[in-house]
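Before any comments, here is the structure.
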2 protein chains.
Amino acid sequence: MAKISIKKIAELAEVSKTAVSFVLNGRGDEKNISKATQDKITAIAKENQYQANHIARSLSIGKSFTIGFIVPDISNPFYGKIARHIEQFAEDKGYSVMVASTNEDLKKEKKIIDQFKARQVDGIILASSAPNLSTLNITLNKNLPTVLFDRVFKDSSQSFVDINNEEAAMQLTETLINKGHSRIAFFSTTSYLPNISDRTRGYKAALEKNGITYDSKIHFEIDFKNKKEEIVNAFSSIMNTEDCPTAILFVNNVLASEALWCVNTSFTPYKDQLSFACFDNLDLFDYSLPKVSSVIQPSEEIANQSVFMLCKQIEDTIGKEGIQLKTKIINR
Amino acid sequence: MAKISIKKIAELAEVSKTAVSFVLNGRGDEKNISKATQDKITAIAKENQYQANHIARSLSIGKSFTIGFIVPDISNPFYGKIARHIEQFAEDKGYSVMVASTNEDLKKEKKIIDQFKARQVDGIILASSAPNLSTLNITLNKNLPTVLFDRVFKDSSQSFVDINNEEAAMQLTETLINKGHSRIAFFSTTSYLPNISDRTRGYKAALEKNGITYDSKIHFEIDFKNKKEEIVNAFSSIMNTEDCPTAILFVNNVLASEALWCVNTSFTPYKDQLSFACFDNLDLFDYSLPKVSSVIQPSEEIANQSVFMLCKQIEDTIGKEGIQLKTKIINR
DNA sequence: CATCTATACTAAATCGGTTTAGCAAAAGTA
DNA sequence: TACTTTTGCTAAACCGATTTAGTATAGATG
C-alpha cells in the first residue's frame with residue numbers, strides 16, 4: 001500500500017540503492033550486477049508494486065519529460081484536435097502534456113509560460129496571442145525550447161509549424177469569386193496576429209488578381225472581446241446597403257460560427273443569399289446555412305511536426321527550424 | 001540567464017539557504033528575519049529573475065499541485081469545454097492539469113492512470129471507459145484521489161459528478177413523442193457504460209409511460225470501433241421497412257453526428273423525414289438537418305464541482321461525495 | 001547580576017531518485 | 001607467483017527545494 005521507494009527495496013534486498021537503481025533501469029547487466037541479485041531486486045519490486053517517483057527522477061536528471069501545450073482556447077475543436085494528436089505523439093516519445101488556454105490574453109499567456117517553466121516543462125508548443133514579434137519575445141522564455149504553430153512569426157528565432165496563410169486565403173477567396181461573387185466582405189480581427197495579416201494580404205491579392213477593388217467599407221475588424229455585438233453591427237451596416245455583399249470571408253472559425261448564429265437568428269432573410277468562407281474547419285459547416293467553405297489545416301501533421309521539432313530541440317539542442325504544411329480547401 | 005537556485009542566492013546574500021527559503025515564501029517576518037536581510041534576499045532574487053523549481057518543491061513537500069484530466073477524447077467538444085473550465089478552476093487553486101485521451105480503451109486508461117500516478121499527480125478527474133464497477137476498481141489506483149464524471153458508478157467508493165441520465169433520457173424521448181413520433185429507434189453502444197444503461201432505461205421508461213411498446217428490432221447497439229459501417233447497416237435495415245421509424249434517439253453526440261453525416265450523404269431522402277435527439281450538445285445541431293434536439297450538460301458546473309471535490313479530497317482527505325447536476329434539454 | 005525571552009539566524013536532514021568514483025574479490029594472464 | 005582485468009558491488013555527492021531543531025547574541029525582567 002504505502003508507496004515503496006528504491007531505498008526500501010535496497011533494505012529489503014540487502015543491497016545498495018545504487019544496485020537497485022541500476023537494475024530497475026535495466027542497466028543491471030551493463031553494470032555487472034549478478035543474475036541472482038537482479039532477480040532478487042526485481043522480485044521485491046514487483047511484489048511491492050514499485051513505481052518510480054517520476055518527480056524525484058526529474059529533479060535528479062534535470063528533465064521532466066513534460067511538455068506544455070498552450071492555445072487560446074482548448075475547447076475550440078481546431079485546437080482540440082491538435083491537442084489530441086500532440087498528446088499521442090508526445091506519449092510515444094515518453095512525454096506527458098500539460099495544457100492551458102490563454103483566452104487570447106497575452107498577460108495570461110505569459111503567466112502560463114512562466115508557470116510551466118517553473119514546473120520545469122522541457123518545452124512548449126504554443127499558439128501565441130502576441131500581436132508582434134517584440135511582444136512575443138518578451139512573452140517567451142528564452143532558453144525554453146519552443147515550437148510556434150497557428151500564429152507564427154517566421155522571423156522569430158523560434159521553430160515553427162505553419163501553413164501558407166496568404167496563399168490559402170487567396171485560394172479561399174477565389175472559390176468565392178469562382179462562384180460568381182464579386183462583392184466579398186471580409187471579417188478579420190482587431191488584434192493583428194501574423195496569420196491574420198497574411199490572410200488579409202491573401203484576400204486582397206485575390207481581389208486584385210480578379211480585378212475587384214478592395215473596399216475598406218466591407219472590411220470589418222472585430223474586437224474579440226465584443227464579437228457578438230460587433231458582428232451584429234457589421235451586419236446591420238452592410239445588409240441594407242445598395243451594394244450589399246453576396247459573400248463573406250472570415251478570418252477564423254470563431255467569427256464564422258458567430259456570424260452563422262447571427263444570420264440564423266437575426267438576419268434570417270440573408271441565410272440563402274450569402275456565401276461564407278473561413279479558416280479552420282468546423283464540423284457544423286457541413287450542415288449550416290449558409291454553408292461555409294473552409295481551409296482545413298492538417299491537424300495530425302501539425303501535431304506530429306510540432307512534437308518532432310520540439311523533441312529535437314530538447315534532445316539535441318538543435319537551432320531554429322520551420323516548416324510549412326499543405327492545407328486543403330473544402331468547397332461547400 | 002542560467003537558472004538560479006536558492007543555494008546561489010544564499011551564497012550571494014551571504015546567508016543560509018534556510019533564510020532564503022523563508023523569505024521567498026513570505027515567511028520572513030514570521031521567522032524573524034530582519035528587514036535588511038529580507039530586502040537583500042528579495043533584491044537578489046528579483047535581480048536574477050529567480051523562479052522556484054516546482055519539481056524540487058514537489059519532491060520536498062510531497063505534493064505536485066498537478067491534477068490529471070482523463071477522458072475518451074479531448075477533441076470531442078463536450079470534453080473540450082469541460083477541460084477548458086477544469087483548467088481555469090484548477091489554476092485558481094494553484095493546480096496545473098495534465099490531459100490524456102483514452103480512446104475508449106481500458107488498457108490505455110489504466111496505463112495513463114499509472115503514468116499520472118508515477119508523475120505524482122495529486123488526483124485525477126476521470127470519464128472512465130470501464131464497463132462495470134469491478135473493472136473500474138482494477139483500473140483505478142487506490143489511494144489516488146479521484147472524481148468520476150460523465151461515466152459514473154454511483155456505488156463505487158469514488159466521488160462523482162453526475163447528471164440524472166435516466167430522467168434526462170426520458171425527457172428527451174418525450175420531446176420526440178410530443179412531436180408526434182411513436183416509432184422511435186434507439187442507437188446505443190455495445191459497451192455498456194453506466195450512463196448508457198441509465199439512458200437506455202430512460203428511453204424505455206418514456207416509451208412505456210406513453211403506451212409505446214419497446215421494439216428491440218429498432219434498438220441498435222453500435223460497436224464504436226466500427227461505428228461508420230454499423231450505422232450504415234442499421235440505416236439500411238430500418239429505412240426500407242414497413243414501420244420505418246420517424247425519429248431516432250442517440251445515446252451520445254458521436255453516434256448522432258456520425259448518423260447525421262450518414263443521412264446527409266447516403267440516405268438523403270430521409271433528411272426531412274426524421275427527427276433526431278441525443279445526449280451532449282454540439283454546435284452543429286443548430287444547423288443540421290435533421291435538426292437534433294439534445295441534452296446539454298452544464299460543463300462549467302461539472303468542471304467546478306469536479307475540481308472542488310477533488311481538492312477537498314486532496315487537502316482534507318475527505319471521503320466519497322456525489323452530486324447530481326441539472327441538465328437542460330434543447331428542443332430543436 | 002543572573003536569568004529569561006525575543007531576535008536573527010543556520011546546520012543538517014529529508015524527499016526519492018541518478019551517477020561518479022572506487023573498492024574488494026575472483027578470474028585471467030605473463 | 002605477481003600483476004592485470006573483470007566481476008560485483010557500494011559510498012557518497014547531487015538535483016533544489018522544505019523544515020526541524022537548534023545556536024548565539026541582544027534586550028528585558030526580577
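This structure is a prediction, so every number in the text was calculated from the model and none was measured. All chains are named by letter (A, B, ...) in the order of the sequence lines, taking the proteins before the strands, and each is independently numbered beginning at 1.
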| Are B/Phe149 and B/Phe69 close enough that their ring centres sit under 6.0 Å apart? | yes
| B/His54 has an atom NE2; how far is it from atom P of D/dT18, in whole Å? | 10 Å
| message | With no hydrogens and no angle check, just 3.5 Å: does a side-chain donor-acceptor pair link B/Arg119 and B/Thr66? | response | no
| query | Are OP1 or OP2 of C/dT19 and a side-chain N or O of A/Arg27 less than 4.0 angstrom apart? | reply | yes
| request: Check whether NZ of the Lys or CZ of the Arg A/Lys93 lies under 6.0 Å from the centre of the six-membered ring of A/Phe89 and within 45 degrees of that ring's axis. | output: no
| Which is true for A/Thr37 with a 4.0 Å heavy-atom rule: it touches a base, it touches only sugar-phosphate, or it touches nothing? | sugar-phosphate
| query | Atom NZ of A/Lys3 to atom C1' of C/dG17: distance rounded to whole Å? | reply | 14 Å
| field | Rounded distance (Å) that lies between atom C1' of D/dT18 and atom CZ of B/Phe65 | value | 13 Å
| field | Selection from D/dA17, C/dG17, D/dC9 that lies nearest to any side-chain heavy atom of A/Asn53 | value | C/dG17
| B/Ser60 side-chain proximity, nearest of C/dT10, D/dG16, C/dT18 | D/dG16
| query | Is B/Lys17 side chain donor-acceptor paired with the D/dG16 base, going by distance under 3.5 Å alone? | reply | no
| request: Write down the distance between CG (B/Asp39) and P (C/dA8), rounded to a whole number of angstrom. | output: 13 Å
| Heavy-atom distance under 4.5 Å between the side chains of A/Asn141 and A/Ile124, does that happen here? | no
| Heavy atoms under 4.0 Å, any strand shown: does B/Ser5 hit a base, just sugar-phosphate, or nothing? | sugar-phosphate
| message | If you define the side chain from C-beta out and look only at heavy atoms, does anything of B/Ile112 sit under 4.5 Å from B/Lys108? | response | yes
| field | Minimum side-chain heavy-atom gap A/Leu59-B/Asn53 below 4.5 Å | value | yes
| message | Is the phosphate of D/dA17 approached by B/Tyr50 (side-chain N or O, under 4.0 Å from OP1 or OP2)? | response | yes
| message | So if I take every side-chain heavy atom of B/Ile61 and compare against C/dT10, C/dG17, D/dT18, which nucleotide ends up nearest? | response | D/dT18
| Sugar-phosphate only, base, or nothing, as touched by B/Asn32 at under 4.0 Å among non-hydrogen atoms | base
| d(CD, B/Glu30; P, D/dT18) in whole Å | 13 Å
| said: Within the 4.0 Å heavy-atom criterion, would you say B/Ser21 contacts the bases, only the backbone, or no part of the nucleic acid? | reply: base
| request: Indicate, with a heavy-atom threshold strictly under 4.0 Å, whether A/Thr18 touches base, sugar-phosphate, or nothing. | output: base
| query | Starting at the 5' end of DNA chain D and moving along, which residue's nearest nucleotide shows up first, B/Leu59 or B/Lys31? | reply | B/Leu59
| Whole angstrom value for the distance that separates P of D/dC15 from CD1 of B/Ile4 | 14 Å
| note | Ranking D/dA17, C/dT18, D/dT10 by distance to the side chain of A/Arg57, first place goes to C/dT18
| field | B/Lys7 NZ to C/dA11 P, straight-line distance once rounded to whole Å | value | 13 Å
| query | Between atom CD1 in B/Ile55 and atom P in D/dC15, what is the gap in whole Å? | reply | 15 Å
| task | Compare the minimum distances between each of C/dT10, D/dA13, C/dC15 and the side chain of B/Phe22, then state the nucleotide with the smallest one. | result | C/dT10
